[in-house]
Asks: 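Mind looking over this structure? Questions follow.
Chain identifiers are assigned alphabetically (A, B, ...) following the order of the sequence lines, protein sequences preceding nucleic acid strands; residue numbering begins at 1 within each chain.
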4 protein chains.
Amino acid sequence: MYCYDRAVPQARPARFSVTLRIQEPTLSTRPNASTHYSELTDPQSARGRLLRQAAHLFREKGYERTTVRDLAAAVGIQSGSIFHHFQTKEAILRAVMVETILYNTSRMEAALVKAESDTDRIRALIRCELEAINGETGEAMAVLVYEWRSLTPESQAEILVLRDRYEKLWLETLERLSGAGLVKADPFVLRRLLTGALSWTVTWFKPEGKGQRRSLDLDDLTAQVMLTLGLPVP
Amino acid sequence: MYCYDRAVPQARPARFSVTLRIQEPTLSTRPNASTHYSELTDPQSARGRLLRQAAHLFREKGYERTTVRDLAAAVGIQSGSIFHHFQTKEAILRAVMVETILYNTSRMEAALVKAESDTDRIRALIRCELEAINGETGEAMAVLVYEWRSLTPESQAEILVLRDRYEKLWLETLERLSGAGLVKADPFVLRRLLTGALSWTVTWFKPEGKGQRRSLDLDDLTAQVMLTLGLPVP
Amino acid sequence: MYCYDRAVPQARPARFSVTLRIQEPTLSTRPNASTHYSELTDPQSARGRLLRQAAHLFREKGYERTTVRDLAAAVGIQSGSIFHHFQTKEAILRAVMVETILYNTSRMEAALVKAESDTDRIRALIRCELEAINGETGEAMAVLVYEWRSLTPESQAEILVLRDRYEKLWLETLERLSGAGLVKADPFVLRRLLTGALSWTVTWFKPEGKGQRRSLDLDDLTAQVMLTLGLPVP
Amino acid sequence: MYCYDRAVPQARPARFSVTLRIQEPTLSTRPNASTHYSELTDPQSARGRLLRQAAHLFREKGYERTTVRDLAAAVGIQSGSIFHHFQTKEAILRAVMVETILYNTSRMEAALVKAESDTDRIRALIRCELEAINGETGEAMAVLVYEWRSLTPESQAEILVLRDRYEKLWLETLERLSGAGLVKADPFVLRRLLTGALSWTVTWFKPEGKGQRRSLDLDDLTAQVMLTLGLPVP
DNA sequence: CATGAATGAGCATTCATTCAT
DNA sequence: AATGAATGAATGCTCATTCAT
């Protein structure tokens, strides 16, 4: 699983998109664009529909239990055609993860820019991660967390590089809060506790309140997390 | 995954063990005995060794990627012999989960009895769950959390009954703390945030501090969680 | 493999080229032209490059293990484009064989014309066949011998017709030598022993002497075969 | 194909059977037995029937065109059961070759022991190889020669060791004949010419004279080869 | 209880071929 | 002519499970 305790080379701050372009030629980022959002595969394209269905099925049944035939049927193509778009089944899993992490890193960077105070920043991060986990990219995020073991070691290394950029945003913010005395726990440990707490929401949180005993939206949930940490709720 | 949002029949407080005894004749609990510890399979027996190896392999490689032959080889028997102990591979997974949840519920009940204050109680629960996740039963607990999807719906229902007894211990304690104003967040939500935070430790916490940048033992980790919740650390 | 023991209709001396022209419109022979060399596909054309690469790859990896994509990549076109030049993959194999046999039959006819004695004639045939096997057309010849089984029965029949014309040159020469008492063995059997001996050189003879324990050129090899047959070496 | 021009480590004279026993535990030789014949897989066993059918099908259709399902059907088992006996399809090919080469090396050693003169010896070798190629082991021998390319490099290396022992019997005999002036050509070259000539008989020689224009048995064929070499025929 | 040969449905992947552009 | 996405049947191989011994 999306594992923290291995030695990871320091994230190379800006050039990672070049590396990516080499490894995944059909996936590109626009580093020069005014927004920092990564350019994802067109969701209308065959590849895009495949990735969406893959996220859905991998989340629902697990990577191992999802067959290439399941995937092909969900997209409406023949099983052999899958391999026109991806070399292996594992490459699909990897692409789901890479696209999600790139997309959500960009979203988080954009949200941080708008925050004005330290509590604004931590609230933005929590809110962003909750959105990533429970919103549109939720299935892909769940796959990122819970299907980590199904990646080859090479793919894991590739994605750990991307994850480090994402985690750096969290750690810097938590260290500022810690410096300001707003949180008591060690930032490193606190981030890991939050990772677990937030990613686990995918198993119980239903934004629309369907079937829940009390209705809770993403803002409420963000507030509950802030409360739990002893941080101010607006 | 070990999912919270499905309608679960109210836990039938005492009779679940009867059901269990029918389905798994060699596993029994003694709810009337003076100690509340469940009687687990003898770890020296063939069945016991099988369950231990199953927990290890399911944790390491995942349930789907672990073959019956892997299991047999780890125990030192032939693959066909596995089926003298369990009817199906899934029954092994189920047994790993059932034994773990029964064992850890008993441990938690025993720990609660000794606690004298509300903060003692919550600290005991946190400490107990961290021990379950990172101690001897850690592999089985990780399997319980991360291989949930590989259970049949019938097995899921069976185990949800056991889990409700376990969760009740948590919820009652959190509600007392909430009533006393010691925690601000909703007890129901707080428990779910804690479930995620604590179970996630399996991915990063190494008790011995091997390779970690700072050494942290289970007591330190418990203290960090208490700090995060704004609760007093002794 | 290029098999001798099936009943073959007597070679139809002149009309086979008509048949060929129908099936493979771009390949033609001019039996009435002053030179006896067949007109082969222009090696610069797309078709010519394809045939050359096919001979190379079929020899190197075998027909079955060579994919249409391998072939296309070797020529520098897309796999779909192959089928503008040949109707099926098997048609490529057939064309490689047909062109080689036509080319080498012509070469042998030309060499025989120049020979002045019976020993000259047999030496010319041996030398010619060794050149065919180990020279420029070597890869195609090896394909002709070792990929015979991959042809459809129809293609086999077509090529057997061409082969009979080639074999007739051998058999007539061996019968003259036998009549003159220069060889003792039955000409029919002797030709088959020679076919095997000569075609097998492809597996061990390296004209440049690279890595061989003794350097042996085609003339030396021809002489060794003559010696083996008890025939005079100039 | 069964290729001569690669550097081969010197054959380890007597202990090769030990090596073999390690690599192929179910195949054993009896180095202490009075006869030097290798002990082959029992032809009645599942493994034995599989090897026989494999030799037949690989010879008939080629290794690549023979599917595991073809093989299973020929033996009368399910395709999955093949892999109870052999780890891969290639291992079947390897086993066919190993058993054949061991068996025929032993036969040849036994025949050499009985020969009394140099011409007896060469006649014994020719006769033995013709029997190997056209007799009971004929299909397996043809596979050994014509499916060489389908072996992995590792398997090729393994079998080259066995082949060297076989070839040594030939080379020593030819060198004695050359020393005695009975053959004029270089022994090394002569052996290769003979290898081709003899192995090629598989494509045209039919012992029973079925459909042949003249009836030729193995003795006649041996005599023809001796005649071709200018050696005395009894 | 234990074995291990056998099963057979299922898997990811391959690949010659087609065809709309 | 050429492309390249798509096809779909086939391939080698896996593996939980069965069962005669």
Asks: Assess whether one donor atom and one acceptor atom, taken from the side chain of C:H84 and the base of F:dA1, lie less than 3.5 Å apart.
Replies: no
Asks: For D:L50 and E:dA6, what is the distance between atoms CG and P respectively, to the nearest whole Å?
Replies: 10 Å
Asks: Output the distance between atom CG (D:L151) and atom CG (D:L93), rounded to the nearest 0.5 Å.
Replies: 4.5 Å
Asks: If I take atom CD1 in residue C:I82 and atom P in nucleotide F:dG4, what distance separates them, rounded to the nearest angstrom?
Replies: 14 Å
Asks: Quick one: CZ on A:R49 to CG on A:D42, what's the gap to the nearest 0.5 Å?
Replies: 10.0 Å
Asks: Please list each protein N or O that sits under 3.5 Å from an N or O in nucleotides 11-14 of chain F, with the distance.
Replies:
| residue | atom | partner | partner atom | Å |
| --- | --- | --- | --- | --- |
| F:dG12 | OP1 | D:T66 | O | 3.4 |
| F:dG12 | OP1 | D:K89 | NZ | 2.7 |
| F:dG12 | OP2 | D:V68 | N | 2.9 |
| F:dG12 | N7 | D:R69 | NH1 | 3.1 |
| F:dG12 | O6 | D:R69 | NH2 | 3.2 |
| F:dC13 | OP2 | D:K89 | N | 2.7 |

Asks: Apply salt bridge (Lys or Arg N to Asp or Glu O under 4.0 Å) to A:E60 and list each qualifying residue two or more places apart in sequence or on a separate chain.
Replies: none
Asks: For C:I92 and E:dA16, give me the distance from atom CD1 to atom C1', rounded to whole Å.
Replies: 10 Å
Asks: Going from CG on D:L50 to NE2 on D:H85, what distance comes out if it is rounded to the nearest 0.5 angstrom?
Replies: 6.5 Å
Asks: Whole-Å distance between F:dT3 C1' and C:L71 CG?
Replies: 17 Å
Asks: Any side-chain N or O of D:Q78 below 4.0 angstrom from OP1/OP2 of E:dG8?
Replies: yes
Asks: Parallel, tilted or perpendicular: which fits the ring planes of B:Y63 and B:F58, with parallel below 30° and perpendicular above 60°?
Replies: perpendicular
Asks: I need the CZ-C1' distance between B:R94 and F:dA16, as an integer number of Å.
Replies: 15 Å
Asks: Measuring from A:E90:CD to A:E147:CD, what's the distance to the nearest 0.5 Å?
Replies: 12.0 Å
Asks: Under 4.0 Å, counting only non-hydrogen atoms across every strand here, what does B:I77 touch: a base, just sugar-phosphate, or nothing?
Replies: sugar-phosphate
Asks: Determine the Euclidean distance between corresponding P atoms of E:dC1 and F:dT21; express it in Å to zero decimal places.
Replies: 23 Å
Asks: Which heavy atom of A:A140 sits nearest a heavy atom of A:T100, and at what distance?
Replies: CB-OG1, 2.8 Å
Asks: How many whole angstroms separate atom CZ of D:F86 from atom C1' of E:dA5?
Replies: 14 Å
Asks: Restricting to non-hydrogen atoms, name the atom on D:A74 and the atom on D:L57 that form the minimum distance, rounded to 0.1 Å.
Replies: CB-CD1, 3.9 Å
Asks: For residues A:R149 and B:G62, report the shortest heavy-atom separation together with the two atoms involved.
Replies: NH2-CA, 3.4 Å
Asks: Mind grabbing the angle between the end helix axes of the helix from E:dA2-F:dT21 to E:dT21-F:dA2? Five pairs an end, 10° rounding.
Replies: 10°
